[in-house]
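To start, the structure under review is shown below, and the notes come after it.
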Amino acid sequence: MQTVKPSRIQILTDQEVHDLYSRPVFNQSEREEYFSVDPRIEKVLSNLGKVETRIYLLPLIGYFRAKPVVPKFRLRDVKQDVDYLYATYFPSRKPKYPLIAKSTRATLILKMYEILGFTRFSKVDEKSLLERLQDVATICTYPKYIFDECLAFFGQKRIGLAAYSTLQTMITSVLASERQRTESILSSSMSDTTHMQLKKILHTKGRLNQLSAQKGSAKDFTPSELMCEIETHNTIRSVYQEIKGLINELGLSQGNLTYYASIIRHQSIYKIRRSPEWQGMLYIVCYLFFRYQETNDKLVTAFQYVTRKQRESASAAAKQRIADELEVVRDKLTHAGHLLGLFVDDSVSDQTQFGDIRQNAFEKISNSIRPLFLAIDIECEPGQTLLSTQLQIAKSELQKEKHLCTADQRLLLSRTKTISLIRKALTIDVLNITCTRKSLECLIATIYLLMKVRKTNVSKMILSL
């Protein structure tokens with residue numbers, strides 16, 4: 001991999017740099033506070049020969065007290081502060097504003113550090129700061145976050161703040177090192193197949209927009225919207241397992257994962273495509289990792305919604321027809337068990353009227369619920385091995401055979417509980433029967449499709465009602 005020396009990264013705006021590094025401007029009360037002199041300062045001043053040198057040291061101390069930055073200034077630039085110092089500490093002297101030699105200024109800065117208990121930023125400190133920033137970069141690569149860590153380092157160590165350009169260079173170096181680490185892992189661990197698929201998603205016009213949460217996400221639970229969400233889910237599923245493994249290998253923090261994914265969400269596709277290849281791969285890997293989880297959560301919500309609507313629609317249809325069919329159902333109550341048995345009897349052909357009704361009931365439920373069930377990733381608790389195995393078998397049979405063939409009897413409700421649930425669903429009592437032909441079709445189809453009890457057993461349960 002070719003190593004390119006990065007240019008300095010832009011961290012702060014010009015105004016932010018000015019606010020941080022500019023010389024503070026004091027009012028009268030602030031001058032009294034920051035230009036105060038204690039016995040230790042008096043001792044240092046007494047060892048300085050020239051008054052002008054003493055006058056220059058006092059503003060250095062005062063400005064650094066207000067902001068731990070060594071400002072560059074000439075005495076004539078801070079005339080009001082100099083006049084205050086002459087009037088307060090040298091009232092018999094006339095204010096003067098000479099230029100201070102660089103060597104004298106450097107000596108005064110060291111004295112100022114000594115008086116205030118600070119040190120100058122050294123090579124040892126730089127090495128220590130770099131090690132700290134490398135650890136920080138594994139947590140968050142947001143430049144301002146790393147810059148704040150720099151400020152915290154200088155405050156904790158009581159070191160005078162380094163120049164902005166110095167910090168820019170260090171942060172740029174740290175970010176380049178972290179980027180090189182992640183890109184090296186991706187380039188060596190990602191399979192060619194996944195690499196080609198991700199490149200296709202990134203560079204095919206409109207493809208990334210179709211997968212995005214803003215433009216490609218289901219707006220409601222209508223079949224067309226849900227099918228789009230399922231298509232997005234299935235597209236990412238083909239690479240998700242490898243993406244998940246890459247994320248673990250990269251060792252990225254939650255903050256970095258979120259930051260890299262946000263670049264896809266908020267930057268233009270044009271800029272992302274122009275970024276270095278493996279840097280773009282890093283962004284798309286993190287984005288698809290979160291996007292897949294979003295689609296799975298939405299499909300789970302949709303599945304819950306659709307199944308609830310199925311129950312509600314069956315109940316609503318039954319209640320709507322109570323008044324019209326109550327007398328008819330009462331008259332034919334003695335034949336209800338036999339008629340219900342025909343819906344699940346193997347001897348009844350699907351070509352008959354009852355077979356058509358039953359077939360329509362199956363299709364109605366399976367067409368709305370089955371695609372969602374097949375698309376959702378369902379993970380069971382460690383102790384639910386029976387349920388986990390049955391879910392895998394059910395998905396496999398629905399995909400290959402188009403219907404359920406096997407069921408673990410240990411997962412089914414007991415006959416007593418099943419009859420109780422059916423009675424509750426039909427709302428049957430001695431004086432009032434609220435089941436209709438439509439609700440019976442939906443209920444029997446649901447029992448057979450989702451519980452997969454043998455037809456003869458269902459028939460016996462119904463006849464026993």
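All of these numbers come straight from a predicted model, not from anything done at the bench.
- Of the N and O atoms on the side chains of Tyr97 and Asp83, at least one donor lies less than 3.5 Å from an acceptor on the other residue.
- Inter-residue side-chain proximity for Lys199 and Met281 is flagged as met; some heavy-atom pair is nearer than 4.5 Å.
- Phe121 is listed as a side-chain neighbour of Leu129, based on a closest heavy-atom distance under 4.5 Å.
- For the residue pair Thr169/Arg8, the side-chain donor-acceptor check at 3.5 Å is satisfied.
- The main-chain N or O of Phe303 is found under 3.5 Å from a side-chain atom of Thr307 such that the two form a donor-acceptor pair.
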Residue pair Tyr259, Tyr145: steps toward the ring pair (Phe, Tyr, Trp, His ring centres under 6.0 Å) verdict
CA-CA 12 Å; Tyr259 174 68; Tyr145 180 88; over 10 Å; no

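- Nearest heavy-atom pair across Ile247 and Cys286 is CD1-SG, 4.2 Å.
- Checked by atom type and distance alone, the side chain of Arg23 never pairs as donor or acceptor with a backbone atom of Phe73 at under 3.5 Å.
- By the 6.0 Å contact criterion, CZ on Arg308 is enclosed, its count of non-hydrogen atoms from other residues, nucleotides or ligands being greater than 12.
- In this structure, Glu126 places its CD atom where more than 12 heavy-atom neighbours from other residues, nucleotides or ligands lie under 6.0 Å away.
- Between the side chain of Thr141 and the backbone N or O of Ala137, no donor-acceptor pair lies under 3.5 Å.
- A distance of 13.0 Å separates CD1 of Ile264 from CZ of Phe290, quoted to the nearest 0.5 Å.
- Of the N and O atoms on the side chains of Asp19 and Gln15, at least one donor lies less than 3.5 Å from an acceptor on the other residue.
- Applying the 6.0 Å contact sphere to CG of Asp38 captures more than 12 heavy atoms from other residues, nucleotides or ligands.
- With contacts defined as side-chain heavy-atom distances shorter than 4.5 Å, the pair Met190/Trp278 qualifies.
- Ion pair Arg31/Asp81 flagged as a salt bridge, since at least one NZ, NE, NH1 or NH2 atom sits closer than 4.0 Å to an Asp/Glu carboxylate oxygen.
- Here the CD1 atom belonging to Ile61 is positioned 6.0 Å from the CG atom belonging to Leu116, to the nearest 0.5 angstrom.
- The closest side-chain heavy-atom distance from Ser253 to Asn256 is below 4.5 Å.
- For Tyr113 and Phe118, the ring centers are positioned 6.0 Å apart or more.
- Within the 4.5 Å cutoff, side-chain heavy atoms of Ser128 are placed close to those of Phe153.
- Distance alone, capped at 3.5 Å, places no donor-acceptor pair between the Glu149 side chain and the Leu151 backbone.
- Using a distance-only test at 3.5 Å, with no hydrogens or angles considered, a donor-acceptor pair links the side chain of Ser36 to the main chain of Glu33.
- Shortest non-hydrogen contact noted between Pro143 and Ile171 is O-CD1, 4.5 Å.
- More than 12 heavy atoms of other residues, nucleotides or ligands lie within 6.0 Å of NZ in Lys67, so this atom counts as buried by the packing criterion.
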Decide yes or no on side-chain contact (heavy atoms from CB on, under 4.5 Å) for Tyr260 and Val285, but give the supporting numbers first.
CA-CA 9 Å; Tyr260 290 140; Val285 161; over 6 Å; no

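- In plain terms, the two heavy atoms of Ser238 and Gln197 that are nearest each other are OG-NE2, 3.3 Å.
- Thr172 places a side-chain N or O within 3.5 Å of a backbone atom of Gln168 that can act as its donor or acceptor partner.
- Inspection of the Ser177 and Gln134 side chains reveals no N or O donor paired with an N or O acceptor under 3.5 Å.
- With hydrogens and angles ignored, the 3.5 Å screen pairs a side-chain donor or acceptor of Arg181 with a backbone N or O of Leu250.
- Atom CG of residue Leu85 and atom CG of residue Leu57 lie 10.5 Å apart, to the nearest 0.5 angstrom.
- Side-chain contact check for Lys96 versus Tyr86: some heavy-atom pair is nearer than 4.5 Å.
- The pair Glu16-Lys144 meets the salt-bridge criterion, with a side-chain N (NZ, NE, NH1 or NH2) lying under 4.0 Å from an Asp/Glu carboxylate O.
- Counting heavy-atom neighbours within 6.0 Å of Asn47 CG, excluding the residue itself, gives a total above 12.
- Of all non-hydrogen atoms in Gly49 and Arg54, the two that sit nearest each other are O-NH2, 3.9 Å.
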Start with the C-alpha distance between Leu288 and Gln293, add both sets of side-chain angles, then the distance that settles side-chain contact (heavy atoms from CB on, under 4.5 Å), and finish with yes or no.
CA-CA 9 Å; Leu288 294 182; Gln293 296 175 351; over 6 Å; no

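- Looking at Leu186 and Leu246, their side chains come closer than 4.5 Å, going by heavy atoms from C-beta outward.
- With Glu242 contributing its side chain and Ser191 its backbone, the two residues share a donor-acceptor pair below 3.5 Å.
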Carefully, step by step, assess Tyr63 and Val78 under the rule side-chain contact (heavy atoms from CB on, under 4.5 Å).
CA-CA 11 Å; Tyr63 297 149; Val78 290; 3.2 Å; yes

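- For the pair Lys309 and Glu312, the salt-bridge criterion is met [side-chain N within less than 4.0 Å of a carboxylate O].
- The six-membered or imidazole ring of Phe26 lies near that of Tyr34, with a centre-to-centre distance under 6.0 Å.
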Can you list the steps and then say if Gln80 with Tyr84 is a side chain to side chain donor-acceptor pair (under 3.5 Å)?
CA-CA 6 Å; Gln80 289 183 330; Tyr84 169 81; over 6 Å; no

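- Between the side chains of Thr107 and Thr104, no donor N or O sits under 3.5 Å from an acceptor N or O.
- Here OG1 of Thr235 is found 15.5 Å from OH of Tyr240. Values are rounded to the nearest 0.5 Å.
- The shortest non-hydrogen separation linking Ser29 to Asn27 is OG-OD1, 2.9 Å.
- One distance of note links CG of Leu108 with CG of Leu60; it measures 6.5 Å at 0.5 Å rounding.
- Taking CG of Leu45 as the reference point, atom NZ of Lys111 lies at 10.0 Å (rounded to 0.5 Å).
- With hydrogens and angles left out, the side-chain atoms of Glu52 and Tyr56 include no donor and acceptor closer than 3.5 Å.
- Under the rule for a side chain to side chain donor-acceptor pair (under 3.5 Å), the partners of Arg74 that lie at least two apart in sequence or sit in another chain are Asp77.
- Within the 4.5 Å cutoff, side-chain heavy atoms of Val51 are placed close to those of Ile55.
- Side-chain contact annotation: Glu277 with His195, donor-acceptor N/O pair under 3.5 Å present.
- Proximity of a side-chain donor or acceptor of Ser187 to a complementary backbone N or O of Glu183 within less than 3.5 Å is detected.
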Run the side-chain contact (heavy atoms from CB on, under 4.5 Å) test on Leu161 and Leu167 for me, step by step, so that the C-alpha distance in whole Å, both residues' side-chain angles and the decisive distance to 0.1 Å come before the verdict.
CA-CA 9 Å; Leu161 186 62; Leu167 299 182; 4.1 Å; yes

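- Listed by chain and residue number, nothing satisfies the ring-ring contact (aromatic ring centres under 6.0 Å, His included) test with Tyr164 (two or more places apart in sequence, or in another chain).
- Other residues, nucleotides and ligands contribute only 12 or fewer heavy atoms inside 6.0 Å of the CD atom of Glu114.
- Summarising the geometry of Arg120 relative to Asp125, their closest heavy-atom pair is O-OD2, 3.4 Å, with the distance given to 0.1 Å.
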